[in-house]
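Note that the structure is a prediction, hence the values are computed from the model and not measured. Numbering starts at 1 and runs along the sequence shown. Both ligands and their constituent atoms are indexed starting at 1 by order of listing.
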Amino acid sequence: MLTPLSSLSILYPKHLQRLASIAEKAMAKQQCDSILIHSGAPKLAFLDDYHHPYKANPHFTWWLPITQSPHCYLLIQTDQKPVLFYHLADDFWHVPPQPPKGFWCDYFDIYWCRDLAQVKREIKRYSHTSEHRAWIGEDIGLACQLGIHKVNPEGLMHQLHFARAIKSQYEIACLTQANDMAFAGHQAANQAFMAGKSELDTAFAYLSAVQQDSMQMPYRNIVAFGHHSAILHYQHYDHRPQDMSQPQSFLIDAGATFNGYGADVTRCHSRGSGLYQDLINAMTQAQAKLCAQANPGISFVDLHQQMHHLVLEILITFNLVQGSKDELLTSHISSAFFPHGLGHLLGLQVHDVGGWQQDELGTMLAPPTPHEFLRCTKTLQENMVITIEPGLYIIDSLLEKWKSLGFAHLLNTHTIGHLRPLGGVRIEDNIVVAQAPVKISK
Ligand SMILES: [Mn+2]
């Protein structure tokens with residue numbers, strides 16, 4: 001069962017035990033006796049002295065909830081307490097990092113280091129194992145400086161990535177908290193939209209309610225009115241206020257982060273359009289059917305195919321397509337309206353790693369044609385956390401493609417024309433896979 005935020009400190013030791021056992025098994029198999037994980041470092045913009053936003057190495061954040069401390073190192077050894085080399089820079093440009101504190105600290109040996117030289121000195125205490133040490137991190141040069149040559153070894157990464165798909169109760173609690181935060185934002189954004197605010201002001205209302213800035217979002221929030229909602233990763237925020245004399249549609253795909261874990265939720269709202277509200281209702285019903293099937297043993301590819309059948313039913317009901325059911329199926333006409341995948345793994349990364357990975361050896365299964373954008377081809381297992389996000393959109397370039405393939409007669413241009421200014425609809429929730437799947441988004 002899901003556990004409230006106050007229980008994180010109770011859930012964490014078991015999470016850590018699980019990670020230790022995963023790491024020990026992986027190290028034994030890969031002939032390593034230790035792993036040094038780098039938290040990462042912010043990168044400079046080209047020809048500039050300004051850094052891009054820092055994003056911690058997810059393998060680091062998997063072990064401990066430090067998301068804003070670059071230049072840290074975590075040493076994992078068999079049968080030993082993990083060792084954290086924590087960077088305490090003397091930095092007058094920024095708020096200097098504070099000594100770590102929190103429920104997790106007791107489970108680590110912690111060294112406070114001023115710089116890499118000190119890390120090197122401290123790590124020498126453990127150097128007798130260094131030739132069998134693996135490095136997990138982006139900076140290969142740094143690994144070399146520390147005398148480590150097994151850099152992100154493929155076999156090790158496959159084992160860890162396979163394990164990361166299944167979440168501990170601690171991780172599920174973090175994901176649930178991120179979702180609770182996102183919910184406040186979704187409510188505020190809907191109010192702003194209904195009041196006639198611009199996309200930009202609606203995006204601000206979202207962040208304000210979540211109490212996180214845009215850099216803390218797990219991905220760039222999509223705040224799309226009207227035909228913008230048909231642009232799958234619409235990346236602008238229009239500053240013009242709405243024309244309140246016209247019906248309007250609103251698609252918001254927005255998250256929040258907690259301890260490095262992200263929420264990824266999409267909602268749609270209608271102001272004055274019966275057609276759009278009907279579409280929202282139909283998609284919400286179809287989505288609920290799919291969520292209810294997120295059971296262990298279910299193939300995500302099969303669920304994705306089933307979703308195409310449900311989307312096709314909606315296309316027929318709304319008279320957007322016409323013709324024989326056979327031809328509608330064989331033409332894959334639903335892909336002209338729904339080009340992306342049913343969903344993806346969710347965790348420390350929004351599109352969590354390993355969605356195509358079938359085993360710990362790293363066997364990959366690409367999705368079948370024409371579903372190349374499906375990000376997960378796994379058989380679902382208990383405590384995987386996934387998104388379920390069916391939708392449909394009027395995307396003219398795709399409709400043109402199907403027309404050029406000889407399927408123009410299947411498309412009802414009249415009704416498509418009605419929907420075009422309203423863009424598209426998508427409903428997305430975050431689901432814990434179980435016999436009775438748990439929806440953690442509200
Ligand atoms: Mn998503």
Side-chain angles (χ1 to χ4, degrees), residues 55 58 164-165 167 171-172 174-183 185-186 189 203 206 210 212 214 216-224 228-235 250-258 260-269 280 283-284 286-291 293-294 300-301 303-304 306-308 310-311 335 337-356 367 371-378 380 384-393 395 423-433 437-442:
K55 186 138 203 235
R164 269 180 52 190
K167 268 59 183 182
E171 293 180 286
I172 290 171
C174 290
L175 286 160
T176 304
Q177 178 62 19
N179 263 287
D180 288 352
M181 293 156 72
F183 179 62
H186 278 274
Y206 181 92
V210 173
Q212 289 190 334
S214 58
Q216 292 170 286
M217 291 293 112
Y219 56 96
R220 186 176 166 85
N221 294 334
I222 298 167
V223 174
H228 293 156
S229 60
I231 302 162
L232 298 179
H233 287 168
Y234 174 63
Q235 72 276 38
F250 174 30
L251 181 153
I252 175 165
D253 184 340
T257 47
F258 181 77
Y261 291 84
D264 178 7
V265 177
T266 309
R267 293 287 179 265
C268 291
H269 306 283
I280 293 172
M283 195 58 73
T284 301
Q287 195 256 10
K289 276 186 198 163
L290 296 161
C291 290
Q293 292 180 67
F300 203 70
V301 176
L303 206 54
H304 172 86
Q306 198 194 326
M307 179 215 50
H308 268 280
L310 292 170
V311 168
S335 294
F337 295 87
F338 182 83
H340 60 84
L342 169 64
H344 49 85
L345 298 172
L346 179 71
L348 291 163
Q349 291 162 278
V350 181
H351 300 148
D352 218 11
V353 75
W356 290 7
H371 305 288
E372 58 269 33
F373 296 120
L374 181 57
R375 288 192 168 98
C376 179
T377 57
K378 280 176 173 288
L380 298 182
M384 282 183 179
V385 177
I386 55 169
T387 68
I388 300 276
E389 46 182 307
L392 72 84
Y393 320 86
I395 302 174
V425 62
R426 174 167 71 253
I427 307 293
E428 176 180 27
D429 281 302
N430 302 164
I431 307 289
V432 183
V433 175
V438 179
K439 188 166 106 171
I440 54 176
S441 36
K442 290 181 176 167

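- Separation of atoms CD1 (Ile222) and CD1 (Ile252) is listed at 9.5 Å; rounding is to 0.5 Å.
- Only one option out of Arg375, Glu389, Gln349 pairs with His344 in a side-chain hydrogen bond (donor to acceptor under 3.5 Å, both in side chains); it is Glu389.
- Partners of His228 by ring-ring contact (aromatic ring centres under 6.0 Å, His included), not counting sequence neighbours, listed by chain and number: Tyr234.
- Ring pair His340/Phe338: centre-to-centre distance below 6.0 Å.
- Here the side chain of Ser229 pairs a donor or acceptor atom with the backbone of Gly424 at under 3.5 angstrom.
- Asp253 has no carboxylate O lying under 4.0 Å from a charged side-chain N of Arg220, or vice versa, which leaves the two without a salt bridge.
- If you look at the Mn ion (ligand 1), the protein N, O or S atoms less than 2.8 Å from it are Asp264 OD2, His344 NE2, Glu389 OE2, Glu428 OE2.
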